[in-house]
Amino acid sequence: MAPPETPEPHWFSLQEINPTFTTGLTDNTDEPIYLRLTRPLGHGSTGFVYEGQLETKSAQDNWIPRAFAVKFVEVLKTEDEIRRERLRHEFGIYQILDRACSQSGELSKRIAPRCFGMFEGGNLSVLVLELQGDALWKWEDLNPTEKKEVLEMAEKLHGLGIIHEDLEPRNVVRTIAGGFSILDFTESRMHNCKEKKPSCRSPAKLMRCGELRLLSEALWERIPS
């Protein structure tokens, strides 16, 4: 069903907050994007995450539906403004990751979902991400090769100057394509990593970077050579 001229209550009309960030959703940044939440995926300290359907007008009276992971904050009271700012901060981290991926030319080797932008309308703020798969339950579910892949992804994140600050199984997704992806950057900050060599070559106790050391200890007692 296409969004009506006056959206019904289950549709939200939104506008991009940073039109210079290429989202790929529409070529016309002045045109509203309509969102409908379809099923819950999870929630955290910042907001709720739903699978959502976005519809954008690509041609006259022709709507194209697409499914995404949608993280949203509804601002109903003063303290919700803090959660909105956390979501805006996370959007900033995704912009850094997206630029780094584009500049490297390795679009197939993303360590985080593709971000399609942040949108706001009324008291609602939403971050729209690529829908990739299901979050992990525990590190023990991974085999040694998969554990090494997760650790190497964290190393790449640090190599881009970002520390995650909440690297738990719930924030790592097993993608439909068979790899892994890191989620939820609300706690993240810029970081000058002290780890000079690939950490997978060293025992965890010799690592100088606290986050990588804690992650490796959670994955193994000692990183295999």
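Just so you know, these numbers come straight off a predicted model, no measurement behind them.
- Looking at L212 and H158, their side chains come closer than 4.5 Å, going by heavy atoms from C-beta outward.
- Applying the ring-ring contact (aromatic ring centres under 6.0 Å, His included) test to every pair with at least one member in residues 163-183, sequence neighbours left out, gives these pairs: H164-F185.
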Steps toward side-chain contact (heavy atoms from CB on, under 4.5 Å) verdict (V150, K147): CA-CA 5 Å; V150 169; K147 290 178 180 180; 5.8 Å; no
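- Applying the ring pair (Phe, Tyr, Trp, His ring centres under 6.0 Å) test to H89 and every residue at least two apart in sequence or in another chain returns nothing.
- In the hydrophobic cluster analysis, where Ile, Leu, Val, Met, Phe, Trp and Tyr join through side-chain heavy atoms closer than 4.5 angstrom, I163 is grouped apart from F91.
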Show me the donor-acceptor pairs, under 3.5 Å and distance only, between side chains in residues 67-78 and residues at least two apart or in other chains.
| residue | atom | partner | partner atom | Å |
| --- | --- | --- | --- | --- |
| K71 | NZ | E90 | OE1 | 2.9 |
| K71 | NZ | D184 | OD1 | 3.2 |

Test side-chain contact (heavy atoms from CB on, under 4.5 Å) applied to L87 and M118, step by step: CA-CA 9 Å; L87 194 67; M118 184 169 175; 3.8 Å; yes
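- For residues 37-53, every residue pair satisfying the salt bridge (charged side-chain N to carboxylate O under 4.0 Å, His left out) rule, not counting sequence neighbours, is listed here: R39-E51.
- Side-chain atoms of W220 and L151, non-hydrogen and from C-beta on, do get closer than 4.5 Å to each other.
- Interatomic distance, CG of L97 versus CG of L157, reported as 6.0 Å (0.5 Å rounding).
- At least one side-chain heavy atom of H191 sits less than 4.5 Å from a side-chain heavy atom of C209.
- Residues that satisfy the salt bridge (Lys or Arg N to Asp or Glu O under 4.0 Å) test with E187, not counting sequence neighbours, are R86.
- Counting only heavy atoms from C-beta outward, the side chains of L129 and F116 never approach each other to under 4.5 Å.
- Residues passing the side chain to side chain donor-acceptor pair (under 3.5 Å) test with N171 are D166, sequence neighbours excluded.
- With sequence neighbours left out, the side chain to side chain donor-acceptor pair (under 3.5 Å) criterion links S188 to no other residue.
- Taking OG of S181 as the start and CZ of R114 as the end, the distance is 13.5 Å to the nearest 0.5 Å.
- Although no hydrogens or angles enter the test, the distance criterion places no donor-acceptor pair under 3.5 Å between the side chain of E120 and the main chain of V126.
- Within the structure, the salt bridge (charged side-chain N to carboxylate O under 4.0 Å, His left out) test picks out the following pairs touching residues 122-140 (sequence neighbours left out): K138-D141.
- Atoms CD1 and CE, on I182 and M153 in that order, are 4.0 Å from each other to the nearest 0.5 Å.
- For the atom pair D98 CG and I93 CD1, the distance stands at 13.0 Å (nearest 0.5 Å).
- Through side-chain heavy atoms spaced under 4.5 Å, either directly or across other Ile, Leu, Val, Met, Phe, Trp or Tyr residues, V49 is tied to L41, L131.
- Taking the side chain to side chain donor-acceptor pair (under 3.5 Å) definition, one finds that E149 meets it with nothing, sequence neighbours left out.
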Full working for side-chain contact (heavy atoms from CB on, under 4.5 Å) between C115 and Q95: CA-CA 7 Å; C115 178; Q95 289 181 86; over 6 Å; no
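- In this structure, L142 and R174 have side chains that are in contact, with non-hydrogen atoms separated by less than 4.5 Å.
- In terms of the side chain to side chain donor-acceptor pair (under 3.5 Å) criterion, residue partners of E85 (sequence neighbours excluded) are, by chain and number, R88.
- The two atoms that bring R110 and C101 nearest to each other are CG-SG, 3.5 Å, heavy atoms only.
- Atom CG of L136 and atom CG of L183 lie 9.5 Å apart (nearest 0.5 Å).
- I96 places a side-chain heavy atom less than 4.5 Å from the side chain of M190.
- Here the OG atom belonging to S216 is positioned 13.5 Å from the NZ atom belonging to K148, to the nearest 0.5 angstrom.
- A 4.5 Å side-chain heavy-atom check between N143 and E146 finds at least one atom pair inside the cut-off.
- Contact of the P113 side chain with the Y94 side chain is registered, since non-hydrogen atoms from C-beta on lie closer than 4.5 Å.
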